[in-house]
Amino acid sequence: MNGVHDMGGMHGHGPIAPEADEPLWHAPWEARIFGITRAMTFPKGFNIDRFRHLRELLPPDLYLARAYYDHWYAVCIAALLDGGLATADEIRHGRAAPGGARRNDAVRADQVWQSQKSQGIFTRELETPPLFAIGQRVRARNINPAGHTRLPRYVRGKVGVVHLHHGGHVFADTNAHMQGEVPQHLYTVAFSMRELWGPEASARDEACLDLWESYLEPA
Amino acid sequence: MSQHSHAHDDDLAHHHDIHSELPSDPALRVKALESLLTEKGLVDPAAIDAWIEIYESKIGPRNGAKVVAKAWVDPAYKQRLRSDATKAIGELDFLGRQGQHIVAVENTPEVHNLVVCTLCSCYPLSILGLPPAWYKSAPYRSRAVLDPRGVLKEFGTDLPEHVKIRVWDSTAEVRYLVVPERPAGTEHLSEEQLAALVTRDSMIGVAKVKAP
């Protein structure tokens, strides 16, 4: 979706302003929502791509105004509502409706380290050979899907060179809609800044993006 | 993916309408959410504590700094890191969520690497821990790909014109570790002393490593 989350190339957001000696958390609630997001039971089939999609569905004014970890809160409640795991009333009041069944399958503390070490592997074996070779010129397709995509606007229609091939990876665009992993070859494509931003940009500098095969066409 | 509007996503977006009815203070909302999830058996508060503890004490930029220092002192390790960083970092047992597929990109006198995620906040958590606020902010996400030299100057890093900048936009599940240049005058330092010099910012690519 062409949302406000797709920020590459925008002006007007101000200086970067890194904090000196930034703490890990800026308030205790940040740690709690981080831990909740890691530990809670999400609806069946929920995945990280869906998490990202729910985040980018935040209305643009909220997306820009709210603190980073408040986005995580918004994703958690959207996932609970969408998956039927909680009602709006329950979220408003912080109390379960009377008579609801209590589950007993939440992740336990002694399972957390194993989850940290073993989860998040997105490579998949593919039987089809890659369409593109390292060094080949490719064009990022000009597509504007209303759903989730990881093809940023600033490279659409632009020509780059295949720099790395990563093998098969879970395809974010389908996974985010719970339409399956449908793995594809993933490539790093290098685009010259001049191709992306015009003749005044550096002829030497490059932006490298990880792009799935269906984002690309021969150039 | 088609360009038609997804009816189901419109429903999902409506789940965000609830925000206008909730307290503005996130501390209150998060507390209520934790109570609700605990009551429904959808979360174990001890597991929340355990996740926080992992990121406070086990996972952080010290992991990445050990990888960099080892690459500086051990040419064979550096070669393994160049050819298959995932495997080389696995040797030190630093793989994990948001850091199972890693590419190491090496700064040299000719090339400087910078990492960003323009679409969200992807970051090599397993080797660098939680990202700093500026990395997740709109100013950095918007301008790192448009004006990397200007962004680097905001961090006090002024690169000569002849140095090529490569910006790595983390658009998939591959995570990037910048291997900064080893500063001159550190030949006498041990691997452990070198690791202590390597900052988080130098492994994102916004700063250089300074000699002590």
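What's counted below: heavy atoms across the whole structure, side chains too, no hydrogens, waters or symmetry copies.
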Inset, instruction - Please check if the side chain of A:R32 supplies one atom and the backbone of B:I48 the other of a donor-acceptor pair under 3.5 Å. - result: no
Legend entry - A:L85 versus chain B, the contacting section by heavy-atom distance below 4.5 Å: both
Inset, instruction - Determine the option with the most heavy-atom pairs under 4.5 angstrom with chain A, choosing from B:D201, B:V174, B:I18, B:D44. - result: B:V174
Inset, instruction - Starting at CG of A:L186, measure out to CD of B:E173 and round the result to the nearest 0.5 Å. - result: 9.5 Å
Inset, instruction - Check whether B:L125 gets within reach of chain A through its side chain, its backbone, both or neither, counting any heavy atom under 4.5 Å. - result: side chain
Legend entry - Partner chain A: residue of B:A32, B:A47, B:G99 with the largest heavy-atom pair count (under 4.5 Å): B:A47
Legend entry - Heavy-atom contact with chain B under 4.5 Å, split by part of A:H26: side chain
Legend entry - Salt bridge flag under 4.0 Å for residues B:E39 and A:R102: no
Inset, instruction - Against chain A, label B:E53 side chain, backbone, both or neither, depending on which of its atoms sit under 4.5 Å from a heavy atom there. - result: neither
Inset, instruction - Side chain from CB out, backbone as N, CA, C, O: work out which of these in B:L42 comes under 4.5 Å of a heavy atom of chain A, or both, or neither. - result: both
Inset, instruction - Against chain A, label B:I59 side chain, backbone, both or neither, depending on which of its atoms sit under 4.5 Å from a heavy atom there. - result: side chain
Legend entry - Student check: side-chain heavy atoms of A:E30 and B:P26 closer than 4.5 Å: no
Legend entry - Among B:G96, B:S35, B:A144, B:A138, residue most engaged with chain A (heavy-atom pairs, under 4.5 Å): B:A138
Inset, instruction - Please check if the side chain of A:D205 supplies one atom and the backbone of B:I165 the other of a donor-acceptor pair under 3.5 Å. - result: yes
Inset, instruction - With a 4.5 angstrom heavy-atom cut-off, could you sort out which part of B:P23 is near chain A: side chain, backbone, both or neither? - result: neither
Legend entry - Portion of B:Y135 that has a non-hydrogen atom of chain A nearer than 4.5 angstrom: neither
Inset, instruction - Below 4.5 Å from any heavy atom of chain A, which atoms of B:K58 appear? Answer side chain, backbone, both or neither. - result: side chain
Legend entry - Working for side-chain contact (heavy atoms from CB on, under 4.5 Å), residues A:T37 and B:W51: CA-CA 10 Å; A:T37 305; B:W51 273 115; over 6 Å; no
Legend entry - Flag side-chain contact, heavy atom, 4.5 Å: A:E206 against B:W168: no
Legend entry - Donor-acceptor contact below 3.5 Å, side chain B:Q100 vs main chain A:K117: yes
Inset, instruction - Look only at the side chain of A:W29 and the backbone of B:R29, and say whether a donor-acceptor pair between them is shorter than 3.5 Å. - result: no
Inset, instruction - Tell me, for B:V103 versus chain A, whether the close heavy atoms (under 4.5 Å) come from the side chain, the backbone, both or neither. - result: side chain
Inset, instruction - Before giving the answer on side-chain contact (heavy atoms from CB on, under 4.5 Å), spell out for B:V206 and A:I16 the whole-Å C-alpha distance, their side-chain angles and the decisive distance to 0.1 Å. - result: CA-CA 12 Å; B:V206 294; A:I16 293 165; over 6 Å; no
Legend entry - A:E90 CD to B:L37 CG distance, which is reported to the nearest 0.5 Å: 10.0 Å
Inset, instruction - Measure distances from B:D147 to the heavy atoms of chain A and classify the residue's part below 4.5 Å as side chain, backbone, both or neither. - result: neither
Legend entry - Greatest number of heavy atom pairs closer than 4.5 Å to chain A - which of B:A27, B:S24, B:P45: B:A27
Inset, instruction - For residues A:G14 and B:P139, report the shortest heavy-atom separation together with the two atoms involved. - result: O-CB, 3.2 Å
Inset, instruction - Against chain B, label A:Y63 side chain, backbone, both or neither, depending on which of its atoms sit under 4.5 Å from a heavy atom there. - result: side chain
Legend entry - Rounded distance [0.5 Å steps], CZ in B:R97 versus OG in A:S115: 4.5 Å
Legend entry - Region of A:A172 that comes under 4.5 Å of a non-hydrogen atom in chain B: neither
Inset, instruction - Name the member of B:E34, B:H101, B:E154, B:R143 that forms the most heavy-atom pairs with chain A at distances under 4.5 Å. - result: B:H101
Inset, instruction - Could you tell me which portion of A:D70 (side chain, backbone, both or neither) has an atom closer than 4.5 angstrom to a non-hydrogen atom of chain B? - result: side chain
Legend entry - Test log, rule side-chain contact (heavy atoms from CB on, under 4.5 Å), inputs B:V145 and A:W197: CA-CA 10 Å; B:V145 287; A:W197 311 113; 4.1 Å; yes
Inset, instruction - State, with a plain yes or no, whether a side-chain heavy atom of B:V167 is found less than 4.5 Å away from one of A:C208. - result: no
Legend entry - Side chain, backbone, both or neither of A:A74 within contact of chain B (heavy atoms, under 4.5 Å): both
Inset, instruction - Examine whether an atom of A:W212 lies under 4.5 Å from a heavy atom of chain B, and if so say whether it belongs to the side chain, the backbone or both; otherwise answer neither. - result: side chain
Inset, instruction - Indicate the atoms forming the closest heavy-atom contact of B:G41 with A:A106, along with that distance. - result: O-CB, 3.6 Å
Inset, instruction - For each of B:C117, B:C120, B:A46, tally heavy-atom pairs with chain A at distances under 4.5 Å, and name the one with the top tally. - result: B:C120
Legend entry - A:Q116 side, atom CD; B:L95 side, atom CG - distance, nearest 0.5 Å: 10.0 Å
Legend entry - side-chain hydrogen bond (donor to acceptor under 3.5 Å, both in side chains) evaluation trace for B:Y176 with A:T188: CA-CA 12 Å; B:Y176 291 89; A:T188 301; 3.2 Å; yes
Inset, instruction - Check whether A:P23 gets within reach of chain B through its side chain, its backbone, both or neither, counting any heavy atom under 4.5 Å. - result: neither
Legend entry - Segment of A:Y154 engaging chain B (4.5 angstrom heavy-atom cut-off): side chain
Inset, instruction - Check step by step if side-chain hydrogen bond (donor to acceptor under 3.5 Å, both in side chains) holds for B:W134 and A:E22. - result: CA-CA 10 Å; B:W134 60 258; A:E22 183 182 335; 4.9 Å; no
Legend entry - Portion of A:F42 that has a non-hydrogen atom of chain B nearer than 4.5 angstrom: neither
Inset, instruction - Identify which one of A:R52, A:R150, A:E56, A:H148 satisfies the side-chain contact (heavy atoms from CB on, under 4.5 Å) criterion when paired with B:L119. - result: A:R150
Inset, instruction - Drop me the distance from A:L24's CG to B:L130's CG, to the nearest 0.5 angstrom. - result: 5.0 Å
Inset, instruction - Evaluate the side-chain proximity of B:R141 to A:H5: yes if any heavy-atom separation is below 4.5 Å, no if none is. - result: yes
Legend entry - Short side-chain to backbone donor-acceptor contact, B:T171 and A:D210, under 3.5 Å: yes
Legend entry - Heavy-atom neighbours of A:E19 CD exceed 12 at 6.0 Å: yes
Legend entry - chain B contact via A:M40 - which portion, at a heavy-atom distance below 4.5 Å: both
Legend entry - Per-residue contact mode, B:S170 against chain A (heavy atom under 4.5 angstrom): backbone
Legend entry - A:F34 portion near chain B, given a 4.5 angstrom heavy-atom threshold: side chain
Legend entry - side-chain contact (heavy atoms from CB on, under 4.5 Å) between B:H19 and A:L58, intermediate numbers included: CA-CA 10 Å; B:H19 292 291; A:L58 264 171; 4.3 Å; yes
Inset, instruction - Identify the heavy atoms of A:C76 and B:L33 that sit nearest to each other, and give their distance. - result: CB-CD2, 4.1 Å
Legend entry - Test item: A:Q119 and B:Q98 side chains (from C-beta on) under 4.5 Å apart, heavy atoms: no
Inset, instruction - Enter the distance from B:T86:OG1 to A:H166:NE2 here, rounded to the nearest 0.5 Å. - result: 9.5 Å
